[in-house]
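Just the heavy atoms: all of them, side chains too, but no hydrogens, waters or symmetry mates, feed the values below. Quantities reported herein were computed from a predicted structural model and do not represent experimental measurements. Labels below follow one simple rule: chain letters A, B, ... track the order of the sequence lines, proteins then strands, and each chain is numbered from 1.
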Protein chains: 4
Amino acid sequence: MTKATNTTRSEPQWSSRKEEIVDRAFEIALESGFAGLRMRLLAERVGVTEGALYRHFSNKEAILLALAARIEGRLLVPIRKIASGAEDSPREKLEKILRHHVRTLIETRSLPLLLVGEASFSEHEELRLRMGGIISSYQSILSTLVGQVGGQGEGELEPREMALLLMGLPAAVALSHPLLPDEKLESRLVDYVVPEYVRLLLPGERRSV
Amino acid sequence: MTKATNTTRSEPQWSSRKEEIVDRAFEIALESGFAGLRMRLLAERVGVTEGALYRHFSNKEAILLALAARIEGRLLVPIRKIASGAEDSPREKLEKILRHHVRTLIETRSLPLLLVGEASFSEHEELRLRMGGIISSYQSILSTLVGQVGGQGEGELEPREMALLLMGLPAAVALSHPLLPDEKLESRLVDYVVPEYVRLLLPGERRSV
Amino acid sequence: MTKATNTTRSEPQWSSRKEEIVDRAFEIALESGFAGLRMRLLAERVGVTEGALYRHFSNKEAILLALAARIEGRLLVPIRKIASGAEDSPREKLEKILRHHVRTLIETRSLPLLLVGEASFSEHEELRLRMGGIISSYQSILSTLVGQVGGQGEGELEPREMALLLMGLPAAVALSHPLLPDEKLESRLVDYVVPEYVRLLLPGERRSV
Amino acid sequence: MTKATNTTRSEPQWSSRKEEIVDRAFEIALESGFAGLRMRLLAERVGVTEGALYRHFSNKEAILLALAARIEGRLLVPIRKIASGAEDSPREKLEKILRHHVRTLIETRSLPLLLVGEASFSEHEELRLRMGGIISSYQSILSTLVGQVGGQGEGELEPREMALLLMGLPAAVALSHPLLPDEKLESRLVDYVVPEYVRLLLPGERRSV
DNA sequence: TATGAATGAGGTTTCATTCAT
DNA sequence: GATGAATGAAACCTCATTCAT
């Protein structure tokens, strides 16, 4: 008899209002970007009045931060789990990470990375810091793994630089995919292009084999 | 026949006001992003009132389109010139293009690519199309050149996919640089990382050597 | 038969919650004035939710009225007691009253009189009436005492006018003290300036001496 | 044919919009106090939309400050002129000042001093400072004049304290008059009570005469 | 009694755009 | 070409109050 009981399929069972708000905010940002996230629209989607949103978040900024946290959860947390796994080699980890990243970007219409772009100019400092933190964490995970791969004998590119290159593929997908969706390419990206990319960038092991 | 041709006597230089408006718009977008471009602020910077802007552009969207055109001018036009040059090999051309792109991004705080991101969500359809056009042109230039390099014997990656990878480096720079500026990395990017990246991605030459 | 009488078993002390609410309301008004008294803040200070306040007071206005009553209690009740005392002369009573008033104003950051000002503009008619009643009572107490002092031979100023002048000192303190606190002056006010003021305004005794 | 030409009697000829806004704001504050001054109502009274107000004042606070300046103009400026006059004795100046002050308070329903009260709690720091400045200036004018009167042989009260007492009469009027208007008293205040008050407070000269 | 969520009206402010001059 | 005032819609946010539990 509680409100939570008469769930329809669109209400994931135990989502408190707070979570539901973030869910809907994510949806809207997916459609219209960070800047298109208006409190009025959000309230409508949630099915309450605007004032009600402020019971759960003190600010619009607080909602944006929760969104950032959610993105972190979808993107960074799985990546951290992959990186800390015990079974895979560093090279395999890198490959898995990139595949996860690219897949997520395609699923979310590149939202995560595009939000990084929007955050660069945001007036909300905390949001900017948070987004910078996500990028920074991501790159240091990649750097560490690159360092563990080793093997680029002549030591041409530093791990940090290699990490940047590895992030390049998701970045390129993020920027070009929403404007120029290409289903054929999309289907090959995760399973084919990513592994090949890793192979090209980190040829060390190949030689050693 | 270009728009700049129908100058009246009061515009001795080529429609100076119009150009100046776009100049200042570019400046502002550099500082505050697309969304931070307010008509009021723009008018102030130009040194006129808001109403005056509407003598030169019928819309804010018209100004955004002019901005897109300017970005095209700084980014795509030089790239086209490089691509159509007669002296360099395709590989050299690709390298030059990437160096130009990365250099421009660093100079412009990544504005061009970030604007692509913002445009993805824009409500102005024409702007979205134009930005899509820039990306698309860029990628087809890269694809063509990759095709001319040839040599990836087993034909693992298609030119279009390779083009995406090549665009990855600038994309990664665009996304990470504004939030996490890194001067040491920056100084090595253009002259060192880019050539190495091209060498890794297009190993054809290596065999031929 | 008073409202406080119908206590239920859950209110062992005399309607403690109600009292506490007014206490906290007084505190807040002391800090932020009448206008700064928000139901939300009040609830927080009391340690309950906003809805709970409406169990004890039907309105915000009801709380404001209770506040006015409390001010009456701190200001007017002691003054009435002084005025009805049997031992002092009318002149001594006036002096005691003014000293009490000034002391209270300093202790309460002038809240009582400033609230009078705010109440002048209040949309709550009952509150306005109540505040007017406080002022009015105060002045008639003063008038009566002034009449009892007698002695202004030529009958220049009527008691009511003299009462207004006597209220002038507290009023001036109320208006200037919160904006321009002056500790040196403050320490002399109660024990020195007030008696001197009474002596100057009611020179009757001087002649008799 | 300009808009200013078709003046009705209610438009004082050369009031720019900016001045008109302050005029209307003053009117509203007179009716409903500082807190009752809503941008919407103000815009209605001026006959424009809310947005238009922001062409002339960047803030609501800016309007409040303009209001404070206007009060300063009506109250403090004439008082300064009186104080710096060459013909009157200090005692006469004090009397004139108090008469001007009391008259103004009655005309303006005590707005100036009540605004001081409201400003004490205002969240607008600049407004608080400004109001404090007005009070402070006023008191130092009074103090100076009191010092010039001299003559309180035994030196009982310091000029600053005497200034506070002098301000007491206007203050009492301000606080009691709006809540308890009294026409009979009002008519005697300016011409009768004020001079008598000065005579009582500053008896020095009387002796010397 | 109390909670916690919600409402609805209203608050200040911003912004692209228009228009008479 | 340009100004300066104005508009109207929409933005974020606050607050007293209500109500099911």
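With the nearest nucleotide of DNA chain E identified for both B:Glu61 and D:Gly51, D:Gly51 has the one nearer the 5' end. Comparing A:Ser58 and C:Ser58 against DNA chain F, the residue whose closest nucleotide sits nearer the 5' end is A:Ser58.
Using a cut-off of 4.0 Å between Lys/Arg side-chain N and Asp/Glu carboxylate O, D:Arg45 and D:Glu20 are scored as not salt-bridged. Using a 4.0 Å cut-off between charged nitrogen and carboxylate oxygen, C:Lys60 and C:Glu50 do not count as a salt-bridge pair. A:Glu44 and A:Arg40 are not joined by a salt bridge, as no carboxylate oxygen comes within less than 4.0 angstrom of a charged side-chain nitrogen. The pair A:Arg130-A:Glu72 counts as a salt bridge, with a side-chain nitrogen and a carboxylate oxygen less than 4.0 angstrom apart.
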For DNA chain F, what dot-bracket results from Watson-Crick or G-U pairs at under 3.5 Å, with [ ] for crossers and | for inter-strand partners? .||||||||||||||||||||

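Between B:Asn59 and E:dT17 there is a side-chain polar atom (N or O) within less than 4.0 angstrom of OP1 or OP2. Phosphate contact (OP1/OP2 of F:dA2, side-chain N/O of B:His56, threshold under 4.0 Å): present. Dashed line: the shortest gap from a side-chain N or O of A:Arg55 to OP1 or OP2 of E:dT7 is not under 4.0 Å.
Here the nucleotide nearest the side chain of A:Tyr54, chosen from E:dT13, F:dC12, F:dA16, is F:dC12. Listed nucleotides: E:dT3, F:dG4, E:dT13. Nearest to the side chain of C:Val48: E:dT3. Set against E:dT12, F:dC13, E:dT3, the side chain of C:Thr49 has E:dT3 as its closest nucleotide.
Between the C1' atom of F:dC15 and the CD atom of A:Glu50 lies a distance of 14 Å, rounded to the nearest Å. Atom pair C:Leu53:CG and F:dT18:C1' shows a separation of 13 Å (rounding to whole Å applied). Summarising the geometry, the separation between CG on D:Leu64 and C1' on E:dT13 is reported as 15 Å, rounded to the nearest angstrom. At whole-Å resolution of the value, CD1 in A:Ile63 and C1' in F:dC13 are 12 Å apart. Here the C1' atom of nucleotide E:dT13 and the CD atom of A:Glu123 are 13 Å apart, to the nearest Å. Straight-line distance from the CD atom of C:Glu20 to the P atom of E:dA2: 10 Å, rounded to whole Å. Rounded to an integer number of Å, the gap from CD of A:Glu44 to C1' of F:dC12 is 15 Å. Rounded to whole Å, atom P of F:dA10 lies 16 Å from atom NZ of B:Lys60.
For the contact set between residues 31-42 of chain C and DNA chain F, defined by any heavy atom under 4.0 Å, the members are C:Leu37, C:Arg38, C:Met39.
Using P as the reference atom, F:dT21 and E:dT1 are 22 Å apart when rounded to the nearest Å.
Applying the 6.0 Å contact sphere to CD of C:Glu126 captures no more than 12 heavy atoms from other residues, nucleotides or ligands.
Under the side chain to side chain donor-acceptor pair (under 3.5 Å) criterion, A:Asn59 pairs with no residue, sequence neighbours left out.
Between C:His56 and C:Ile63 the shortest side-chain heavy-atom distance does not fall below 4.5 Å. Taking 4.5 Å as the limit, some side-chain heavy atom of A:Lys18 sits within range of a side-chain heavy atom of A:Phe57. Taking 4.5 Å as the limit, every side-chain heavy atom of D:Leu65 sits out of range of all side-chain heavy atoms of D:His124.
With hydrogens and angles disregarded, no donor-acceptor distance shorter than 3.5 Å links the side chain of B:Arg24 to the backbone of B:Leu42.
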